[in-house]
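Working notes for the structure below.
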Amino acid sequence: MIVNRLVQSITAFVLTAAIARNLGAEAIGQYLLAYSYYFIFVGIASQGLKILFTRELAREPQKTSVYLMSGTCLQLIFSLLSYGALVIVVFLLPYSSKTSTLCYIMGLTIIPFALSNVTEAIFQAKEKMHLIAIATVPVYVVRLIIMIWAMQLKYGIEYLGAILFFSETLILLIEWIFITQSVKIEWQIDKDFVWNTIKSVKTFFAIEAIAVVSSRIEILILSLLGNELLVGLFGAIVQLLQPFLIIANSITVAMFPRLSKVVNQGRDKQKQITENIIEILLIMALPLFMGMLFFGKDILIFIYDSSFAQANLALRLIAISLFFLPFTRSLSYLLVANGFEIVNLREVVITTTLGSLGGMALVSQYQLLGAALMALLMTILGFSQFIYFTYTRLFSLDLWRIMRRPLIISIMMLPIFVLLQKISLDFIFTLLIATCAYVLFVIFLGISAFGGFRFLWIKLLR
């Protein structure tokens, strides 16, 4: 699962840089705006069902064949309705014809992606996430190569949307080949299952609908109150955080079935798993924030070009959210595993409502910086609510246990960053030295956690 998300992150990252270098910031804005509408409507159509199916199949694996056929039928209906809604919304908004066409083409991807979420829910519930990676990783790599090749041949941005659609259709076909080898297919639709699922998934749908809108609300507001160039700049800086976000999502999604299974084993076990996840994510997040603080401008110029250097301050503001994201990602899945979906619904409603109202004022006044402040404000709002509900509904967290190792690594990295900034090496060498130092510090703390070098040496000699 982590390999799948990591490759997805890397290919998306490379694609963004390629669009910036070949087509410019405005083209990035068009692509990311179309992708945002696709992401919102596919999330509304499928993510609620995926979470529900994963949780229920982890508890009742004998019903897999019913979930496969009846769930796929239900998912197809939802995805068609969602695409129709996307077309209507984009048609009514004042976008250029080129941007609207790209939205329509990329929006078709809702259908194959949503259907593949059913098969992936089965793989996750059975803890066979490696099959997802086998089906998706090669397609992601080939898709990236074809997209870059198309741009070099001077094909327009709309062709990238078509390539995305056909690649996700191919992934769906591959996953169905895998699923037919492990699941006995019953070619019939269970109407009672469909109706009961619709009733059960209402809360999940509401949560995911508001959550996906919340995750892209800055781009939507920028596109309406600003322009596609600002969308491109904002999307470019957000893309720099995507590797961490996808790894964080992969870890929490991979642990979700286990959290669901240990609900009946007591809260101490859940607390241990949750604290471990947050600690792992903070070990990555805090040094990444420091790197953005010291070298944000250099990263923007290196990845894109000098015209993106103007987004450096906005990048620093958004990077502050790295302090809070490990908590929000982990605690949201913890609450769902314990049946507190309504808590997540309250959180996304409050965060999206307050964030959107504040965001419209901030973006209209400060444009790009306003969007960055809006993103940070929404992250802090979500963090505050998840902490409150976890403490009042489940248990308190041992914050010192969670923060100790991430803080140690961050403190050890600080002189490295200061020294590298002063000596002003070529950025590639700066990146390599900082990465190597980080890896060595993590290995050192890992060995210390297992009892130190002497203990490890004795174990190896036995």
Side-chain angles (χ1 to χ4, degrees), residues 2-43 98-99 101-110 112-113 116 132-133 135-171 212 215-216 218-219 222-223 228-250 299-308 311 315 318 431:
I2 295 177
V3 173
N4 170 50
R5 297 299 183 186
L6 184 60
V7 172
Q8 186 180 29
S9 173
I10 293 172
T11 54
F13 186 80
V14 174
L15 178 62
T16 302
I19 296 174
R21 292 179 177 275
N22 287 278
L23 304 177
E26 185 175 356
I28 289 181
Q30 292 173 334
Y31 182 86
L32 292 177
L33 180 59
Y35 190 86
S36 296
Y37 279 110
Y38 152 69
F39 181 82
I40 288 170
F41 284 95
V42 78
K98 187 175 183 179
T99 301
T101 300
L102 179 59
C103 291
Y104 301 148
I105 295 172
M106 193 178 292
L108 287 169
T109 313
I110 290 171
F113 187 91
S116 67
I132 301 176
T136 56
V137 169
V139 176
Y140 291 156
V141 175
V142 174
R143 179 173 71 194
L144 174 64
I145 294 171
I146 294 174
M147 284 181 167
I148 294 175
W149 179 60
M151 284 187 284
Q152 291 176 344
L153 293 177
K154 308 302 181 183
Y155 283 96
I157 195 74
E158 64 274 8
Y159 285 90
L160 302 187
I163 293 169
L164 181 68
F165 167 71
F166 286 113
S167 65
E168 290 297 336
T169 302
L170 178 59
I171 289 172
V212 294
S215 67
R216 298 283 169 162
E218 302 93 350
I219 287 180
L222 263 180
S223 71
E228 290 161 353
L229 175 62
L230 290 177
V231 172
L233 292 173
F234 182 80
I237 62 177
V238 170
Q239 193 63 42
L240 295 177
L241 301 183
Q242 286 305 303
F244 168 78
L245 293 176
I246 288 185
I247 292 174
N249 284 336
S250 299
I299 294 172
L300 288 167
I301 295 174
F302 177 75
I303 298 297
Y304 306 114
D305 59 47
S306 57
S307 65
F308 286 82
L315 174 61
I318 290 180
L431 183 62

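The residues of the chain are indexed from 1 along the displayed sequence.
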*Can you name the nearest heavy-atom pair linking C103 to A34, along with the distance?*
SG-CA, 3.6 Å

*Among all residues two or more places apart in sequence or in another chain, which pass the side chain to side chain contact (heavy atoms under 4.5 Å, CB included) test with L144?*
T11, V14, L15, I148

*Distance in Å, I110 CD1 paired with I40 CD1, rounded so as to fall on 0.5 Å steps*: 10.0 Å

_Close side-chain approach of L164 to M147, heavy-atom, < 4.5 Å_ = yes

*Can you see which heavy atom on I28 is nearest to which on F308, and at what distance?*
CD1-CZ, 4.0 Å

*Answer yes or no: is there a side-chain heavy-atom contact under 4.5 Å between Y35 and R216?*
yes

*Rounded to the nearest 0.5 Å, what separation is found between the CG atom of L32 and the CG atom of L102?*
10.0 Å

_Run Y140 and I10 through side chain to side chain contact (heavy atoms under 4.5 Å, CB included) and show every step you take._
CA-CA 10 Å; Y140 291 156; I10 293 172; over 6 Å; no

*Of the non-hydrogen atoms in I301 and S306, which two are nearest, and what is the gap between them?*
CG1-CA, 4.1 Å

*Return the set of residues passing ring-ring contact (aromatic ring centres under 6.0 Å, His included) with Y155 (not counting sequence neighbours), or none when no residue passes.*
Y159

*Please report the C-alpha distance between L240 and L300 in whole Å, then the side-chain angles of each, then the deciding distance to 0.1 Å, and finally whether the side chain to side chain contact (heavy atoms under 4.5 Å, CB included) criterion is met.*
CA-CA 9 Å; L240 295 177; L300 288 167; 3.7 Å; yes

_Nearest 0.5 Å, please: how far is OG1 in T109 from CD in E168?_
6.5 Å

*Spacing of NZ belonging to K98 relative to CD belonging to E26, to within rounding of 0.5 Å*: 8.0 Å

_Gap between atom CD1 of I157 and atom CG of N22 - 0.5 Å precision_ = 10.0 Å

*Minimum heavy-atom distance between I171 and A135, given as atom pair plus value*: CG1-O, 3.9 Å

*Is Y304 reaching over with its side chain to a backbone N or O of A236, donor-acceptor style, under 3.5 angstrom?*
yes

*Atom pair OG1/CZ of T16 and R21 - distance to nearest 0.5 Å*: 12.5 Å

*Kindly give the heavy-atom pair with the smallest separation between I163 and A150, and that separation in Å.*
CD1-CB, 4.3 Å

*Yes or no on side chain to side chain contact (heavy atoms under 4.5 Å, CB included) for I318 and V238, after CA distance, side-chain angles and deciding distance?*
CA-CA 8 Å; I318 290 180; V238 170; 4.1 Å; yes

*Check V139 against S167 and note the closest heavy-atom contact, atom names and distance.*
CG1-O, 3.6 Å

